[in-house]
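Index from 1, following the sequence. Heavy atoms only: backbone and side chains are in, while hydrogens, waters and symmetry mates are out.
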Amino acid sequence: MKMTLEGIRDRNAWAAAGITLPGYDVEEVQEKGRKAPRWVHFGIGNIFRVFIGGIADGLIEQGVLDTGLTCIETFDYDVVDKIYAPYDNLALSVILKGDGTREYKVLGSLAEAVKAQSADAAAWKRMKEIFTAKSLQIVSFTITEKGYALTDPAGNFLPYVKKDIEGGPDHVSGAMGIVAAMLLERFISGAAPLALVSMDNCSHNGDLLKASVTTMAKEWIARGYADAAFLDYLEDPAKIAFPWTMIDKITPRPSTEIADDLEALGVEDMQPLETGKRTYIAPFINAEKPQYLAIEDTFPNGRPALEKGFGVYLADRDTVNKAERMKVTACLNPVHSALGPIGVVRGFDLFADLLDDPVMMKMGKIVAYKEGMPMIEDPGIISPKAFTDELFGDRFPNRYLGDTNLRLCTDESQGLGVRFGITIMAYHKKYGSAERLTAIPLGLAGYMRYLMGIDDNGKEYVLAPDPLAAKIHEALSTVRLGEPESLTDQLRPILSNEKIFFCDLYEMGVGEKIEDLLRQMIAGPGACKETVCRVIGGIAE
């Protein structure tokens, strides 16, 4: 069985394999999406296909959406050539349950995949056609927090951003330059309204997106590439909206075991691949079933009935903000970020296996229940306690997800301010110091220990991709396992960097504590494990 439009015509064969096919005419949905694009998405990797694509698939199955999504890639064009085109834009969702069972579903909700290449005349023309369509209502994003970055830690424009600014709207390569260029086209062609919806795991993601887009616009206006009225268009909420969102669905790397199982069922060409830009991707996406997407209900050009999607909540900005704070700063992401690096240092591959260690489970619960949750408000639409109970009772222990500790370290430096800095500042504001925190500083010390690139036995490993990993690794190059005295002031420039943590951790009362914990973690082989056991063991339940 081939996962192509022709291949899914043999519905009996797919049914015999236990794989559900779309209950709608995929070709019709794709054609409507191409002729009158309604929903565009940037960042077309794993979480997009299984989560956003899955929501759209469900809405189409219900008959409340009849157009497929337009998938735009700005970074890794191999994804279009190797994952979308050969499979006629179909994707295979594999939902992994805690009892080991799976749900298979072919998704037909992806209409077309477009390479956002300004140097490719045909592709750039197609981009402009899409963005000037009056039918377009939503442009959503899962490009990770670094996709919105325009400057380096010193505040200077990144080289490619500087080039996009100086070259103008028709000579851009970065995501934010591309988005700003397309919005300029929409403005020139009639200034139709639109909602730009960031679905990335970062605080006030809509504001982050808006700041980057308007910065590009201001720079172009200053150089004569755009009229001043373009900025007015972007800053008019009746024209362009930047809703806040909270998104949550654990989506690990594609599993070769699942690929083998799918091929054993008769589905051809399911093996994962790694692109030239290190994107690890497959024709299928494996993920957990639970999912949450809270969206600020601000859509100036209308929207589909998103509230009918599985796990989707439409609310006002304040409610979405509380939901985002609950997940990103307290209950989920801080647990991943505090424990994942320690898991790598201790030699655990899977996050679920790490949590089999009762000390690590206790540390995770302290990060969430005891240190994070007291600093958040109940959003109302989702109970923080129920959400966290589900995490520790069902989601985190689900080893069938195959979620690795190394994956959790990917781009971790980009989220430290949101995941820890906000909570640390809240403690400082309430108590005058954050020194009473224990598990969070331990997690940050563990992250620095991970960035040394050697495990608890002194064996080297490759760090996960991260814009700051190499720089911090180099800063710690003189810190040596077995020589705690080798750590002097190497951490100070890092822990005091407000661009990384949103605050100076020394001023907050935890900088020295993190340094001391790291010294303990490098006392010798096995010291990371011993430090965690000693510190967490001393905290009352």
Side-chain angles (χ1 to χ4, degrees), residues 153 333-348 354 360 363 367 405-406 408-421 423-424 434-435 437-532 534-536:
N333 297 93
V335 176
H336 274 163
S337 294
L339 274 62
I342 293 173
V344 175
V345 173
R346 291 188 54 188
F348 285 93
L354 177 66
M360 297 306 301
M363 178 179 170
V367 169
N405 290 299
L406 193 61
L408 301 179
C409 298
T410 302
D411 296 332
E412 180 164 340
S413 71
Q414 305 301 286
L416 294 172
V418 174
R419 297 172 187 182
F420 300 114
T423 297
I424 289 169
E435 60 187 359
L437 291 171
T438 301
I440 287 176
L442 182 65
L444 288 171
Y447 176 58
M448 298 302 158
R449 174 66 183 81
Y450 152 81
L451 287 168
M452 290 174 61
I454 53 174
D455 68 16
D456 226 6
N457 296 314
K459 182 180 178 182
E460 293 186 359
Y461 50 78
V462 177
L463 300 174
D466 185 307
L468 294 183
K471 184 175 182 179
I472 300 177
H473 176 73
E474 176 62 25
L476 295 172
S477 61
T478 55
V479 179
R480 294 175 291 276
L481 183 63
E483 300 179 28
E485 68 279 2
S486 65
L487 176 62
T488 55
D489 59 355
Q490 295 95 327
L491 284 183
R492 186 163 288 274
I494 301 165
L495 302 183
S496 63
N497 191 327
E498 296 184 13
K499 288 188 175 294
I500 297 176
F501 293 101
F502 298 170
C503 60
D504 181 331
L505 296 185
Y506 295 95
E507 293 180 359
M508 296 295 108
V510 294
E512 286 84 359
K513 177 178 282 191
I514 294 169
E515 288 185 355
D516 182 61
L517 288 167
L518 181 56
R519 287 191 186 93
Q520 295 177 46
M521 288 179 170
I522 61 172
C528 182
K529 176 182 178 180
E530 292 170 5
T531 301
V532 174
R534 182 170 59 253
V535 173
I536 296 303

Between Thr488 and Gln490, a side-chain donor and acceptor under 3.5 Å: yes
Please identify each residue that fulfils side chain to side chain contact (heavy atoms under 4.5 Å, CB included) with Asp504, with sequence neighbours left out. Ser496, Glu498, Tyr506, Glu507
Does Arg449 reach the main-chain N or O of Leu517 with its side chain, forming a donor-acceptor pair under 3.5 Å? no
Please determine whether side chain to side chain contact (heavy atoms under 4.5 Å, CB included) holds for the pair Arg492 and Asn497, giving the CA-CA distance in whole Å, both sets of side-chain angles, and the decisive distance to 0.1 Å. CA-CA 8 Å; Arg492 186 163 288 274; Asn497 191 327; over 6 Å; no
Note: Gly511 and Leu495 closest approach over all heavy atoms is O-CD1, 3.8 Å
Can Arg419 and Ser337 be counted as having a side-chain donor-acceptor contact under 3.5 angstrom? yes
Under 3.5 Å, side chain of Lys459 to main-chain N/O of Gly347, donor-acceptor pair present? no
CD of Glu460: more than 12 outside heavy atoms within 6.0 angstrom? no
Pair Leu408-Val344, side chain to side chain contact (heavy atoms under 4.5 Å, CB included): steps then yes or no: CA-CA 10 Å; Leu408 301 179; Val344 175; over 6 Å; no
Closest non-hydrogen contact found for Leu463 with Gly453 is CD2-CA, 4.2 Å
Taking all non-hydrogen atoms of both residues into account, name the closest pair between Gly446 and Pro341 and its distance. O-CB, 3.9 Å
Lys529 backbone acceptor or donor facing Asp456 side chain under 3.5 Å: yes
Between the main-chain N or O of Gly458 and the side-chain N or O of Asp455, is there a donor-acceptor pair closer than 3.5 Å? yes
Rounded to the nearest 0.5 Å, how far apart are CG of Asn405 and CZ of Arg346? 10.0 Å
Flag side-chain contact, heavy atom, 4.5 Å: Leu505 against Phe420: no
Kindly compute the distance separating NZ (Lys499) from CG (Leu416), expressed to the nearest 0.5 Å. 15.0 Å
Between Ile440 and Pro334, is there a side-chain heavy-atom distance shorter than 4.5 Å? no
Contacts of Asn333 meeting side-chain hydrogen bond (donor to acceptor under 3.5 Å, both in side chains) (sequence neighbours excluded), chain-then-number -> Lys327
Output the distance between atom CG (Leu444) and atom CD1 (Ile514), rounded to the nearest 0.5 Å. 4.5 Å
Give the minimum heavy-atom separation between Leu339 and Met360, together with the two atoms involved. CD2-O, 3.3 Å
At what distance, to the nearest 0.5 angstrom, does CE of Met363 lie from CG of Leu354? 9.0 Å
Heavy atoms only: give me the nearest Pro441-Thr438 pair and the separation to one decimal. CD-O, 3.3 Å
Rounded to the nearest 0.5 Å, how far apart are CD1 of Ile522 and CD of Glu483? 8.5 Å
Flag side-chain contact, heavy atom, 4.5 Å: Pro484 against Gln520: no
Report the distance from atom OG of Ser413 to atom CD1 of Ile494, rounding to the nearest 0.5 Å. 10.5 Å
Mind jotting down which residue pairs meet the ring-ring contact (aromatic ring centres under 6.0 Å, His included) criterion with at least one end in residues 458-496? Sequence neighbours excluded, please. Tyr450-Tyr461
To check you understand the geometry: which heavy-atom pair defines the closest contact between Cys503 and Gly421, and what is its length? SG-O, 4.3 Å
Is there a side chain to side chain contact (heavy atoms under 4.5 Å, CB included) between Leu437 and Lys513? Walk through the geometry before answering. CA-CA 10 Å; Leu437 291 171; Lys513 177 178 282 191; 5.6 Å; no
With the side chain counted from C-beta on, respond yes when Asp466 and Thr410 share a heavy-atom pair under 4.5 Å apart, and no when they do not. no
